[in-house]
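Read the structure below first, then the notes.
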Amino acid sequence: MTLLQNPHQSMTVLITGGAGFIGSHLVDYLLRETAHEVIALDNFSTGSASNLRDCKTDRLEIVDEDIRNEALVANLVAGADIVYHLAAAVGVKRIVDNPLESMQTNLEGTENVLEAAADDATPTFIASSSEVYGKSEAIPFSEDDDVVYGSTSSSRWGYATAKAADEFLALAYHTERDLPVVIGRYFNIVGPRQTGQYGMVIPRFVEQALAGDDLTVYGDGTQTRSFTHVEDAVSITHDLLTTSSTHGDVFNIGASDPTSINELAERVIELTDSDSGITHIPFAEAYDDDFEEPDEREPDISKLRDAIGRSPTADLDRILRDVINERTDAVVA
Ligand code: UDP
């Protein structure tokens, strides 16, 4: 594999969305594993200063600004040697609640980054999502699979569409402007610092179990997801961008280890030693009536393995323990 950078040689790295859940773990990873200077750009809409509070180093600069600010983005990208573009209005729920601002953030923000990066051919990672596969049922999802979306009258599909458009843009910049860009589709990335506020299941279940409340399983709980530890996700993200053979290509980033939501709920109860029970809530009650959610979501990670020679290693118990420990410490402290 061809590595573009020597981790011991200092570079300037721009991370958009650097105070977010995945972004802040990427900041930690780069500060720990490399000698790079890191600039974290974030508008703190869903990111949080507390995610970066343990980074006590003058190698980190935090810029509190919006990714839609074209001049500022151009300036920051011009000063960077590599760029990780993770800033986005994340999650389907946010798009449904704020469709206009979310679409603008996810479309304009990415274009601002790509246009600026193309000037100096700055290696750039673009964060995409498993949502891009839409309601495809071709499990496991491979990067070249067809995508299947619902009607534009359902704002739920706006997130998938915006991320797909970001991918098209990135690939076009690669083809026409020689931009060294790689796209990663994140699959159910979980771990410490993830908030349950936007509906994510693991922080919700852990908080319910620790509070002694029933865990709220939506539907009959037979739906499956393949959860990936955020620490695996960020080291893979770094490897993908620093391996030049990946440029101009799209990769699934995730584990291939499906668990049903019922099994997940039971395991959370066991590991927290909780007296909580499990309540099943119909999808129509949990979401809107016309909400469609995939029964199964699992990546094919053979392409990722071929490209960087590895895939996620943390299993569900390790993930859950890390999330539980973080919450338990918070309660004790
Ligand atoms: N889920 C659940 N209870 C909750 C939150 C989520 O049963 O309190 C389910 C949700 O319906 C989905 C799965 O857990 O089947 C994963 O949800 P999440 O929002 O974490 O990820 P995504 O739906 O984007 O895969």
Side-chain angles (χ1 to χ4, degrees), residues 20-22 46 88-97 102 106 127-137 139-141 147-150 154-163 185-230 233 252-269 272 274 276-299 316 319-320 323 327:
F21 164 54
I22 301 178
T46 54
V90 281
V92 171
K93 187 174 184 307
R94 209 173 152 80
I95 287 268
V96 170
D97 293 345
S102 305
N106 294 350
S128 185
S129 162
S130 59
E131 266 295 308
V132 162
Y133 293 100
K135 48 182 167 177
S136 164
E137 292 178 356
I139 298 291
F141 295 144
V147 297
V148 186
Y149 299 154
S154 164
S155 54
R156 187 235 184 286
W157 298 111
Y159 185 62
T161 305
K163 285 291 175 187
R185 291 181 181 161
Y186 289 127
F187 278 71
N188 292 90
I189 311 300
V190 293
R193 298 184 197 149
Q194 186 174 40
T195 155
Q197 204 182 338
Y198 308 110
M200 310 314 187
V201 67
I202 288 186
R204 286 174 59 85
F205 280 5
V206 167
E207 278 162 22
Q208 289 166 337
L210 290 174
D213 297 336
D214 274 10
L215 276 61
T216 52
V217 170
Y218 300 158
D220 66 6
T222 57
Q223 70 270 32
T224 60
R225 293 293 184 272
S226 198
F227 296 100
T228 303
H229 199 301
V230 65
N252 289 335
I253 300 180
S256 176
D257 184 18
T259 310
S260 77
I261 301 305
N262 283 331
E263 285 165 346
L264 173 70
E266 283 158 17
R267 197 66 191 134
V268 169
I269 290 172
T272 49
S274 166
S276 296
I278 294 176
T279 302
H280 287 87
I281 296 178
F283 283 121
E285 216 176 284
Y287 304 112
D288 291 341
D289 270 349
D290 62 349
F291 193 86
E292 296 173 83
E293 78 140 36
D295 257 358
E296 294 176 85
R297 172 175 280 163
E298 186 194 335
L316 185 62
I319 293 170
L320 292 179
V323 175
R327 292 327 199 251

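Atoms within each ligand, like the ligands themselves, are counted from 1 in listed order. Both backbone and side-chain heavy atoms feed into the values below; hydrogens, waters and symmetry mates do not. Small disclaimer: the values here were computed from a predicted structure and weren't measured.
- Side chains of Leu320 and Arg267 form a contact here, defined as non-hydrogen atoms less than 4.5 Å apart.
- Looking only at side-chain heavy atoms (C-beta outward), Phe205 and Ile261 come within less than 4.5 Å of each other.
- With hydrogens and angles ignored, the 3.5 Å screen pairs a side-chain donor or acceptor of Ser226 with a backbone N or O of Asp257.
- The shortest distance between side-chain heavy atoms of Thr228 and Tyr186 does not fall below 4.5 Å.
- Taking the centre and axis of the six-membered ring of Tyr133, the NZ or CZ atom of Arg185 falls inside the cone set by 45° and 6.0 Å.
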Starting from the N and O atoms of ligand 1, collect every protein N/O partner closer than 3.5 Å and put each pair on its own line with the distance to 0.1 Å.
unit_1	atom_1	unit_2	atom_2	d
ligand 1	3 (N)	Thr216	O	2.7
ligand 1	7 (O)	Tyr218	N	2.8
ligand 1	8 (O)	Arg204	NE	2.7
ligand 1	8 (O)	Arg204	NH2	3.4
ligand 1	8 (O)	Thr216	O	3.4
ligand 1	8 (O)	Thr216	OG1	3.3
ligand 1	8 (O)	Tyr218	OH	3.4
ligand 1	11 (O)	Tyr287	OH	3.0
ligand 1	11 (O)	Glu293	OE1	3.0
ligand 1	11 (O)	Glu293	OE2	3.4
ligand 1	15 (O)	Gln223	NE2	3.0
ligand 1	15 (O)	Glu293	OE1	3.4
ligand 1	15 (O)	Glu293	OE2	2.8
ligand 1	20 (O)	Val201	N	2.8
ligand 1	21 (O)	Asn188	ND2	3.2
ligand 1	24 (O)	Arg297	NH1	3.1
ligand 1	25 (O)	Asn188	ND2	3.0
ligand 1	25 (O)	Arg225	NE	2.5
ligand 1	25 (O)	Arg297	NH1	2.7

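- Between Thr46 and Tyr198 the shortest side-chain heavy-atom distance falls below 4.5 Å.
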